[in-house]
Amino acid sequence: MQFGIFSVSDVTTDPTTGRTPDDTERVRNMLTIARHADEAGLDVFATGEHHNPPFVASSPTTMLGYLAGVTQNITLSTATTLITTNDPVRLAEEYAMLQVISGGRMDLMMGRGNTGPVYPWFGQDIRQGIPLAVENYALLRRLWTEDVVDWEGKFRTPLQGFTSTPRPLDGVPPFVWHGSIRSPEIAEQAAYYGDGFLHNNIFWPMHHTRQMVRYYRQRFEHYGHGRADQAIVGLGGQAFMRKRSQDAWNEFRPYFDNAPVYGHGPSMEDFTQQTPLTVGSPQQVIDRYASFVDDVGYYQRQLFLVDHAGLPLKTVLEQIDLLAGEVVPELRRIVESKRPADVPLNPPTHAERVAAAAASGGAGATHVGDSTDPYTGTVAEGDRPNDPKHGTQEARA
């Protein structure tokens, strides 16, 4: 299993000092956090995409492109790439460029975001969120897998003889996750294409998470990509740790109470009971997160939110050290001991995807065409509920 961190990039006043970083400081702190995570040995750093205060991560590919040059091993990803309000042509170009720059050490997670006003800012209608996600992603895949694209849809101008550049690295597009916390239609879309599904369950009880993941797994198998337990799944999470549990509770409470997302709402006691947020010792985090495999089956990526709510940079770096040094090694040992031998250990790497494409006759060229690998598979004509050419079938939980 991969373990990493994700950032929502909030600029929040530290409630214990009254100090608020400016946007420049917050962006540079995110770069420091990502480099520290790489040096500490974590597997993934992911950034969200936001276009409104108090968040600053408006250009994920710029940030991740820089990080590709200053990190060594960590996978660079997005915690959300807005498939609904970004032009799929720009997405195809920007993320293929990031793939080339990083040498394939990246992936991305498609999502609709959680900020309603972003839709009109980019000329879209929030009531069309699901159809936008379906149509835009279908076009994005064609732009990556076909050298010359003729296309016409509902939400953007037609394309005639268009080629996006640069072409994907080694003729193989990046691995894609689809993130959703409440929409089975998005889980259906991930399953249809054989892509990964990440349920960022930081605000949800486990029974809801279990239901969403189970639905995705069932549909993944339905579309012929493999058994349900072989689907590629990720979860979100939150933790705040100190050696002594009570010290963690005392230190984190003012940050929780004033957090921009859930502050002034449920008590920290209620929130930690009902969601994955775990405040306490490293062993308590290990015990809590080791149980998630029993709830959703073996999954391939676990991301933690550690840099939000105004926490100072020094504290965030200490959290990364505790996570990488004490939690992840033991957690990895426990969860991987529960993995069936024929279930993927991790999400596919670029090298694995190239090898799979080569085995099917598709790697090494600028045009992959319709060749597939074990992670994307093929779908019979006429069984395409999320293909705009065939209409959109409402997904059922």
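Using a 4.5 Å heavy-atom cutoff, the side chains of W204 and T275 are not in contact. For the pair S281/K243, no side-chain contact is recorded, criterion being any heavy-atom separation below 4.5 Å from C-beta on. A heavy-atom distance below 4.5 Å is found between the side chains of L317 and I33. The closest side-chain heavy-atom distance from R26 to T12 is not below 4.5 Å. Residues K154 and Q128 are in side-chain contact: their nearest non-hydrogen atoms beyond the backbone lie under 4.5 Å apart. Counting heavy atoms from C-beta outward, F155 and P131 have side chains that approach closer than 4.5 Å. With contacts defined as side-chain heavy-atom distances shorter than 4.5 Å, the pair L303/F45 does not qualify. Residues W177 and F197 have side chains not in contact (no heavy-atom distance under 4.5 Å, counting atoms from C-beta outward).
With sequence neighbours excluded, no residue forms a side-chain hydrogen bond (donor to acceptor under 3.5 Å, both in side chains) with T47. Legend: residues meeting side-chain hydrogen bond (donor to acceptor under 3.5 Å, both in side chains) with E25, ordered by chain and number and at least two apart, are R19.
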Exercise for review: Quick one: do D14 and T20 satisfy side chain to side chain contact (heavy atoms under 4.5 Å, CB included)? Show the steps, please.
Suggested key: CA-CA 6 Å; D14 184 332; T20 307; over 6 Å; no
Review point. So D38 and N73, side chain to side chain contact (heavy atoms under 4.5 Å, CB included) or not? Walk me through it.
Key: CA-CA 6 Å; D38 180 52; N73 301 305; 3.8 Å; yes
Check your understanding: Do Q302 and F292 pass the side chain to side chain contact (heavy atoms under 4.5 Å, CB included) test, and can you show the C-alpha distance, the side-chain angles, and the key distance before you say yes or no?
Key -> CA-CA 10 Å; Q302 175 66 63; F292 290 177; 4.1 Å; yes
Exercise for review: Take M206 and V296 through the test side chain to side chain contact (heavy atoms under 4.5 Å, CB included) and record every step on the way to the result.
Suggested key: CA-CA 9 Å; M206 182 51 71; V296 302; 4.2 Å; yes
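Residues R244 and E251 are not paired through a salt bridge, judged by the lack of any N-O separation under 4.0 Å between the basic side chain and the carboxylate. Salt bridge annotation for D195-R141: present, with a cationic side-chain nitrogen under 4.0 angstrom from a carboxylate oxygen. Salt bridge absent: R339 and E336 never bring a charged side-chain N and a carboxylate O closer than 4.0 Å. A salt bridge links R242 with E318: the distance from a Lys NZ or Arg NE/NH1/NH2 to an Asp or Glu carboxylate oxygen falls below 4.0 Å. D43 has a carboxylate O that lies under 4.0 Å from a charged side-chain N of R332, or vice versa, which qualifies the two as a salt bridge. Comment: D107 engages R301 in a salt bridge, judged by a side-chain N to carboxylate O separation of less than 4.0 angstrom.
Of the possible donor and acceptor atoms, none in the side chain of D10 sits under 3.5 Å from a partner among the backbone N and O of F55. Under a 3.5 Å cut-off, the side chain of Q99 and the backbone N or O of V172 do form a donor-acceptor pair. Judged by distance alone, with hydrogens and angles left aside, the side-chain atoms of S7 form a donor-acceptor pair with the main-chain N or O of S9 at under 3.5 Å. In this structure, the side chain of Q230 engages the main chain of D342 through a donor-acceptor pair within 3.5 Å. Within the 3.5 Å criterion, the main-chain N or O of A228 finds a donor-acceptor partner in the side chain of R217. A donor-acceptor contact shorter than 3.5 Å links the side chain of T349 to the backbone of E352. Looking only at distances, no side-chain donor or acceptor of N201 sits under 3.5 Å from a matching main-chain atom of T209. Judged by distance alone, the side chain of N136 and the main-chain N or O of I83 form a donor-acceptor pair under 3.5 Å. Side-chain atoms of R167 come within 3.5 Å of backbone N or O of E146 as a donor-acceptor pair. Side chain of Q218 to main chain of Y215: no donor-acceptor pair is present (N/O by atom type, distance under 3.5 Å, no hydrogens or angles).
Annotation for L169 and G104: closest pair CD2-N, 3.4 Å, computed over non-hydrogen atoms. When all heavy atoms of M109 and G179 are compared, the closest pair comes out as CG-N, 3.7 Å. Of all heavy-atom pairs spanning L64 and T78, the tightest one is CD1-CG2, 4.0 Å. When all heavy atoms of G236 and I202 are compared, the pair lying nearest together is C-CG2, 4.1 Å. Shortest non-hydrogen contact noted between V44 and S77 is CG1-CB, 4.2 Å. Pairing each heavy atom of R156 with each of D87, the nearest pair is NE-OD1, 3.0 Å.
Taking the six-membered ring for Trp and thresholds of 30 and 60 degrees, F252 and F240 have nearly parallel ring planes, at less than 30 degrees apart.
Ring pair Y289/F304: centre-to-centre distance below 6.0 Å. Between Y137 and H178, a ring centre-to-centre spacing shorter than 6.0 Å is recorded.
When only modelled atom types and interatomic distance are considered, H350 and D170 share a side-chain donor-acceptor pair under 3.5 Å. Checking D307 against Q319 by side-chain atom types alone, no donor-acceptor pair falls below 3.5 Å. Side chain to side chain, Q284 and T278 fail the donor-acceptor criterion of an N or O pair below 3.5 Å. Y255 and T315 share no side-chain donor-acceptor pair at under 3.5 Å. Side chains of T75 and R105: a donor-acceptor N/O pair is absent below 3.5 angstrom, by distance only. In the model, D22 has no side-chain atom that pairs as donor or acceptor with a side-chain atom of T24 under 3.5 Å. Side-chain atoms of D321 and H36 include a donor-acceptor pair closer than 3.5 Å. For Q274 and D270, the side-chain atoms include no donor-acceptor pair closer than 3.5 Å. In this structure, a donor-acceptor pair under 3.5 Å is absent between the side chains of E188 and Y216.
Tracing side-chain contacts under 4.5 Å through hydrophobic residues (I, L, V, M, F, W, Y), one reaches L67 starting from Y95; they form part of the same cluster. The same ILVMFWY cluster, assembled from side-chain heavy atoms under 4.5 Å apart, contains both L140 and L98. In the hydrophobic clustering of this structure, Y192 groups with L198; members are Ile, Leu, Val, Met, Phe, Trp, Tyr whose side-chain heavy atoms approach within less than 4.5 Å, directly or through other members. Residues W151 and V148 are members of separate hydrophobic clusters, defined by side-chain heavy-atom contacts under 4.5 angstrom among Ile, Leu, Val, Met, Phe, Trp and Tyr. A continuous path of ILVMFWY side-chain contacts below 4.5 Å connects L311 to V56, so both sit in one hydrophobic cluster.
For CZ of R227, the number of neighbouring non-hydrogen atoms (other residues, nucleotides, ligands) closer than 6.0 Å is greater than 12. Dense packing is recorded around NZ of K338, with more than 12 heavy atoms of other residues, nucleotides or ligands lying under 6.0 Å away.
To the nearest 0.5 Å, atoms CG (L108) and OG1 (T81) are separated by 4.5 Å. Here the CD atom belonging to E49 is positioned 8.5 Å from the OG1 atom belonging to T61, to the nearest 0.5 angstrom. Distance check: Q238 CD to L305 CG gives 5.0 Å after rounding to the nearest 0.5 Å. Here CG of L139 is found 7.5 Å from CD of E135. Values are rounded to the nearest 0.5 Å. The line from CD1 of I74 to CG of L42 is 6.0 Å long, rounded to the nearest 0.5 Å. Annotation: the span from R90 atom CZ to L143 atom CG amounts to 12.0 Å, rounded to 0.5 Å.
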